[in-house]
Structures are given as C-alpha cells and as structure tokens.
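Index from 1, following the sequence.
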Amino acid sequence: MIHIYTGCGKGKTTAAIGLAVRGAGAGMNVYFMQLLKNGSSSEIGMLRKLGIKLRYVPQCEKFTFNMNTDELTAVKAEHNKILENVRELIISGIADMIVIDEFFGAYDKNLLDRKFASELICNSKFNCELILTGRNAPDFFVEKADYVTVMESKKHPYDKNIAARKGIEY
C-alpha cells in the first residue's frame, strides 16, 4: 500500500519515522531513504540502532537554492540511484516497508528523473508498504495512494523567526 504525508505543516517526516519505528518493532524489514537530506538529522542514529536500513544524500550539505549547477546535478544523480535501489527492493520483495522522505520536494524541484519516479510509484505492484513524504504531492500520486494525510500548519515558531531546533525540527 502507498502512504502519503504531505502539506505545509510540520510532521511529515516525523509521521514517517513513527511508522518506520512501528514497523521495525513488529519485525518488518524497513528501509528509510531520505532525499534532499544528508544524514545529519537527529533521528538517523536511532533508526540505525533499530536495524532500519538507511540511505541519504551526503551531497546535500546546503539548501538547494544555495547549490550551484554541478551540486544540483550530483544531488539529482544520487536521488536517481536511490530510486533505482527502491525499484530493486520492490522487485526483490525483500522490503516490508520503504520510506522515501522528501520524495515530493525532490520531484517538485526536478531533482530526480520524474518519468522514472512516476512510473515506479504508479505502475509498480507493491508487496510492501511505501511511504512518501513532502510538500505539494501531485494529484496523480494522491489518487494512486491508499492513505493520504495532509499536514496543515495553524501556528509555528518559524512565524516568530525562531530557528529550527535540534531534536524538534531536525
């Protein structure tokens, strides 16, 4: 089944982490792929300790709007490798759960092969739970999904110029 966590509110990645932890606790073989993130978020160490397999993009050391063309090209190449890994996991049937965190952000910024990504998600037969996160999930992904949760921000410390806090936002 396909799960989507989208919207402009906080909690998309957090919800996916919670589901991954729950799956690992139930003995599932869980893979957590992070696009647009370099593996420095606080959850990474704990996910690893739980036996969750991780992939992220070391080249994402800055926000995409601060990257030059070569850096963006390297990030896109790494995202495509991760998607190829996801395809292999789906085909092999080895994964019980696959999370692709910030999938829609990478899709929206054209930092992955959009045709391949669309075909992978919309045309694959899943014997696993596939969790996709990120803002602005396109309608055709939403239509394909079995679960869709839209996070809506009513109030956030960012609105008061309070910076992201370790352990809370990252």
Rounded at 0.5 Å granularity, tell me how far CD1 in Ile98 sits from NE2 in His3.
11.5 Å

What pairs of residues pass the side chain to side chain donor-acceptor pair (under 3.5 Å) test when at least one of them lies in residues 130-150, not counting sequence neighbours?
Asp101-Thr133

Is the Lys NZ or Arg CZ of Arg55 less than 6.0 Å from the centre of Tyr31's six-membered ring, within 45° of the axis?
no

Which residues pass the ring pair (Phe, Tyr, Trp, His ring centres under 6.0 Å) test with Tyr5, sequence neighbours left out?
none

Treating Ile, Leu, Val, Met, Phe, Trp and Tyr as nodes and any side-chain heavy-atom pair under 4.5 angstrom as an edge, say whether Phe103 and Val148 lie in one connected cluster.
yes

Considering non-hydrogen atoms only, spot the tightest contact between Gly134 and Glu102 and give its length.
CA-OE1, 4.1 Å

Measure from the side-chain N and O atoms of His79 to the backbone N and O of Asp113, and report whether any donor-acceptor pair falls under 3.5 Å.
no

Residue pair Ile17, Leu19: steps toward the side-chain contact (heavy atoms from CB on, under 4.5 Å) verdict
CA-CA 5 Å; Ile17 290 166; Leu19 195 53; over 6 Å; no

side-chain contact (heavy atoms from CB on, under 4.5 Å) between Lys37 and Thr13: does it pass, once the steps are laid out?
CA-CA 11 Å; Lys37 295 181 180 176; Thr13 297; 3.1 Å; yes

Distance in Å, Leu54 CG paired with Met33 CE, rounded so as to fall on 0.5 Å steps:
9.0 Å

So does Gly93 get a backbone contact from the side chain of Asn127, meaning a donor-acceptor N/O pair under 3.5 Å?
no

Atom pair CZ (Phe32) and CD1 (Ile131), whose distance is rounded to the nearest 0.5 Å
9.0 Å

Go through Glu84 and Arg87 one step at a time and tell me if the salt bridge (charged side-chain N to carboxylate O under 4.0 Å, His left out) criterion holds.
CA-CA 5 Å; Glu84 182 58 38; Arg87 186 185 73 77; 2.6 Å; yes

From Lys109 NZ over to Thr64 OG1, what is the distance, rounded to the nearest 0.5 angstrom?
4.0 Å

Quick one: are Leu83 and Leu112 in side-chain contact, heavy atoms under 4.5 Å?
yes

Using the ring centroid of each side chain, check whether Phe141 and Phe104 are separated by less than 6.0 Å.
yes

Leu47 side chain reached by Lys53 side chain, heavy atoms, under 4.5 Å
no

Minimal heavy-atom distance between Asn38 and Pro58, with the atoms involved, is CB-O, 4.0 Å

Does CZ in Arg114 sit with more than 12 non-hydrogen atoms of other residues, nucleotides or ligands closer than 6.0 Å?
yes

State, yes or no, whether a side-chain contact exists between Leu35 and Leu111 at a heavy-atom distance under 4.5 Å.
no

Could you check if a side-chain atom of His156 sits within less than 4.5 angstrom of a side-chain atom of Lys10, using non-hydrogen atoms only?
yes

Using atom types as modelled and distance alone, determine if a side-chain donor or acceptor of Ser124 lies under 3.5 Å from a backbone N or O of Phe126.
no

Do Val150 and Ile100 share a hydrophobic cluster (ILVMFWY, side-chain heavy atoms under 4.5 Å, transitive)?
yes

Walk me through whether Leu130 and Met97 qualify under side-chain contact (heavy atoms from CB on, under 4.5 Å).
CA-CA 6 Å; Leu130 179 68; Met97 180 184 293; over 6 Å; no

Test item: Met1 and Cys128 side chains (from C-beta on) under 4.5 Å apart, heavy atoms
no

Can you get from Phe116 to Ile2 by hopping between Ile, Leu, Val, Met, Phe, Trp and Tyr side chains that sit under 4.5 Å apart?
yes

Going by heavy atoms in the side chains, are Val86 and Ile90 under 4.5 Å from each other?
yes

Kindly indicate, with the supporting measurements, whether the criterion side-chain contact (heavy atoms from CB on, under 4.5 Å) is fulfilled by Met67 and Cys60.
CA-CA 9 Å; Met67 292 182 189; Cys60 281; 4.1 Å; yes

Distance check, rounded to the nearest 0.5 Å: Ser118 atom OG versus Phe140 atom CZ?
3.5 Å

Starting from Met28, can I reach Ile94 by hopping between I/L/V/M/F/W/Y residues whose side chains sit under 4.5 Å apart?
no

With a 4.5 Å heavy-atom cut-off, do Lys166 and Ser42 have their side chains touching?
yes

Work out which heavy atom in Leu36 is nearest to a heavy atom in Gly105; give both atom names and the distance.
CD1-C, 3.6 Å

Any salt bridge between Glu78 and Lys76, counting N to O under 4.0 Å?
no

Within the 4.5 Å heavy-atom criterion, are Val30 and Asp96 side-chain neighbours or not?
no

Residues Tyr56 and Ile82: closest non-hydrogen pair is O-CD1, 4.1 Å

Are more than 12 heavy atoms, taken from residues, nucleotides or ligands other than Lys81, located less than 6.0 Å from that residue's NZ atom?
no

Tell me every residue that passes side chain to side chain contact (heavy atoms under 4.5 Å, CB included) with Asn123, counting only those two or more places apart in sequence or in another chain.
Glu119

Heavy atoms of Ile52 and Ala20 approach each other most closely as CD1-O, 3.7 Å

Shared ILVMFWY cluster between Leu120 and Val57, side chains joined below 4.5 angstrom?
yes

